[in-house]
Amino acid sequence: MRIVFAGTPEPAVPALRALLDSARHEVAAVITRPDARAGRGRKVLRSPVGALADEHGVEVLTPARATDPEFLARLAELEPDCCPVVAYGALLRQQALDIPRHGWVNLHFSLLPAWRGAAPVQSAIRHGDEITGAATFHLVPELDAGPVYGVVTEPVRATDTSGALLDRLAISGADLLVATLDGIEDGSLQARPQPAEGVSYAPKVTPEDAKADFAAPALAVDRLIRSVTPDPGAWAWFRDERFKLGPVTRTEETGLAPGEIDVQRRRVLVGTATEAVQLGEVQAQGKKRMAATDWARGTRIEQGERLQ
């Protein structure tokens with residue numbers, strides 16, 4: 001099939017690479033978000049998907065809005081049979097959805113209808129899901145509500161961060177997307193409506209959502225921190241400054257008040273509503289990321305001080 005791929009961040013790259021390597025499909029163009037400033041130097045950078053397309057000499061479309069008349073005209077000129085989309089990051093209106101003969105096929109990183117929305121992987125970890133996965137579905141105007149072509153499943157490991165889990169789903173999801181397009185092309189695959197039961201939503205995670213609450217049980221603290229690692233990153237207040245937190249380890253230690261810091265010879269513990277957690281990597285404001293024990297050695301922590 002002749003396809004136009006839409007995607008922007010790093011998790012969409014494996015899917016585009018798999019399609020570029022496929023002998024059955026021709027990537028006529030790529031749609032991605034406009035170049036943006038990023039990093040400490042605030043340099044204008046191409047998106048990861050756009051950069052891969054450039055490497056392969058594929059035309060890159062970067063509309064400011066997916067409703068731009070010039071963009072819609074060019075998409076129609078390309079005459080795509082289908083438009084696969086992975087984490088594109090912009091709303092697609094009916095004008096665009098109607099252009100490809102087989103419509104748009106979205107790769108979403110959850111087992112639909114669970115966790116529709118922008119942050120399915122973060123939500124799966126935060127809520128303690130034991131199994132998650134990825135799904136391909138026919139894109140419709142309603143949020144992630146279209147009929148599903150296929151799914152792959154993936155266990156959520158006890159130490160998974162959202163970054164680690166998303167890396168695995170991006171790879172298995174890429175294979176699913178190629179297989180879905182193969183099935184659409186030869187007519188062997190039909191999308192099935194999502195069930196009405198089991199619908200849940202995963203809104204975008206903000207920095208405020210990533211604030212650790214040590215008044216919660218250790219299990220909840222652990223899940224919250226892993227769910228926002230690496231983005232947007234967990235944090236708490238320490239001495240009226242933001243203190244960044246990497247994943248923690250649950251312990252069997254008790255006796256510490258919520259947020260109370262206990263510096264030991266080889267570990268740094270913090271109290272929660274249940275047992276204490278052991279800090280991993282941390283980053284004080286204006287400092288580099290480091291092991292919590294190294295941070296504690298250089299910080300005179302008074303008895304009873306807390307992360308809040």
Q) Is there a side-chain contact between Asp160 and Arg226, using heavy atoms and a 4.5 Å cut-off? A) yes
Q) Val156 and Ile125: side-chain contact (heavy atoms from CB on, under 4.5 Å), yes or no, with the steps? A) CA-CA 7 Å; Val156 182; Ile125 292 176; 4.1 Å; yes
**Q.** Side chain proximity check, Glu26 to Met1, heavy atoms < 4.5 angstrom
**A.** no
**Q.** Minimum heavy-atom distance Ala12-Val49, with the two atoms named
**A.** CB-CG2, 3.6 Å
Q) Is Ile171 linked to Leu107 within one hydrophobic cluster, defined over Ile, Leu, Val, Met, Phe, Trp and Tyr using a side-chain heavy-atom separation of less than 4.5 Å? A) no
Q | side-chain contact (heavy atoms from CB on, under 4.5 Å), paired with Val85, selected from Thr8, Val105, Asn106 | A | Asn106
Q: Specify whether Phe243 and Trp295 have parallel, tilted or perpendicular ring planes, treating 30° as the upper limit for parallel and 60° as the lower limit for perpendicular.
A: tilted
Q) Can you check whether Val86 reaches Leu177 side chain to side chain, under 4.5 Å on heavy atoms? A) yes
Q. Do the non-hydrogen side-chain atoms of Phe5 and Val58 ever get within less than 4.5 Å of each other?
A. no
Q. With hydrophobic residues grouped by side-chain heavy-atom distances under 4.5 Å, do Leu181 and Ile31 end up in a single group?
A. no
Q) Should Arg2 and Glu79 be marked as a salt bridge (Lys or Arg N to Asp or Glu O under 4.0 Å) after you check the CA-CA gap, both sets of side-chain angles, and the distance that decides it? A) CA-CA 8 Å; Arg2 180 176 173 84; Glu79 298 184 337; 5.9 Å; no
Q) Centres of the Trp115 and His127 rings: under 6.0 Å? A) yes
Q | Heavy-atom check, side chain of Asp35 versus side chain of Leu45, under 4.5 Å | A | no
**Q.** Residue from Leu279, Thr251, Asp262 passing side-chain contact (heavy atoms from CB on, under 4.5 Å) with Arg267
**A.** Thr251
(Q) Is there a path of hydrophobic side-chain contacts, each under 4.5 Å between heavy atoms of I/L/V/M/F/W/Y residues, joining Phe137 to Leu189? (A) no
